[in-house]
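Predicted model only: the values in this text are computed from it and were never measured. Order of listing sets the numbers, starting from 1, for every ligand and every atom in it.
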Amino acid sequence: MPANLHPRTLIVLSPLEWQAVRCDITATMQPDHEFQPPVTGAMPSFGACPPPAYAGPLPTRSAGDDEDGAGGGGGGDGQIGIATRTRTRPKKPSMFKVLMLNDDYTPMEFVVMVLKRYFHMDIDQATQVMLHVHQRGVGVCGIFPYEIAETKVNQVMDFADENQHPLRCTLEKA
Ligand code: TYC
């Protein structure tokens, strides 16, 4: 830009002049500056600028800087690294079936009471599940994340033990 112009004077550049100014700006930019040309209309496209002559060192990234450990590029060779994102969505917990096992001694009414109390079934659902277990040997009481399923198994068996019934439950990955 001519030295006698006010800094905010609008000057119209030919494509070749703009190319020269653009390369000049790019060459003197510091590494952490993002270059945004003052777009006021369609910008003509130009060829590549000659390699910039930075005064200071370029930012580098070593392999250990990668948040996701995937190795985003750069590798400390003077190139600017590729930005990577870390997964923020939590993983869905694995689900587990709580299975009730048949035996010959636990009274049917007790099993129905257990299904109502610990699995929030109504009388009809509880009766149906109890009869299924009685006839088939095993039945599903519900499906839960691991810790909840484990807690229910323990609650049911503790309650059965307190009442001197051999009723057993177990877990199975859903
Ligand atoms: N089979 C038992 C009986 O005849 C009833 C029963 C049903 C026991 C389901 C356990 O999980 C069970 N009294």
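For atom 2 (C) of ligand 1, the closest heavy atom belonging to the protein is D103 O, 3.1 Å. Looking only at heavy atoms of the protein, atom 7 (C) of ligand 1 is closest to N102 OD1, 3.6 Å. Nearest protein heavy-atom contact of atom 9 (C) of ligand 1 is V133 CG1, 3.7 Å. Ranking protein heavy atoms by distance to atom 11 (O) of ligand 1, first place goes to L101 O, 2.8 Å.
Ring centroid separation for the pair Y105 and F110 does not come in under the 6.0 Å cut-off.
When each atom of ligand 1 is checked for a heavy atom of V111 under 4.0 Å away, the hits are 6 (C), 7 (C), 8 (C), 9 (C), 10 (C), 12 (C). Near M100, meaning under 4.0 Å from one of its heavy atoms, ligand 1 places the atoms 11 (O).
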Q: Go through the steps for D122 and K116 under the test side-chain contact (heavy atoms from CB on, under 4.5 Å), then give the verdict.
A: CA-CA 6 Å; D122 63 27; K116 286 166 67 184; over 6 Å; no

Q: For the pair V140 and V98, evaluate side-chain contact (heavy atoms from CB on, under 4.5 Å) and give the outcome as yes or no after the intermediate values.
A: CA-CA 6 Å; V140 179; V98 173; over 6 Å; no

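For ligand 1, the polar-atom distance check finds no N/O of Y105 at less than 3.5 Å from any of the ligand's N/O atoms. Considering backbone and side-chain atoms alike, H134 places an N or O below 3.5 Å from some N or O of ligand 1.
Of all non-hydrogen atoms in H120 and K152, the two that sit nearest each other are NE2-NZ, 4.4 Å.
In this structure, CG on D103 lies 9.5 Å from NE2 on H165, to the nearest 0.5 angstrom.
Nearest residue to atom 13 (N) of ligand 1 from L131, L167, T106 is T106 (criterion: closest heavy atom).
A side chain to side chain contact (heavy atoms under 4.5 Å, CB included) with L99 holds for exactly one of V153, V138, L171; it is V138.
Using cut-offs of 30° and 60° on the angle between ring planes, the pair Y146 and F96 is perpendicular.
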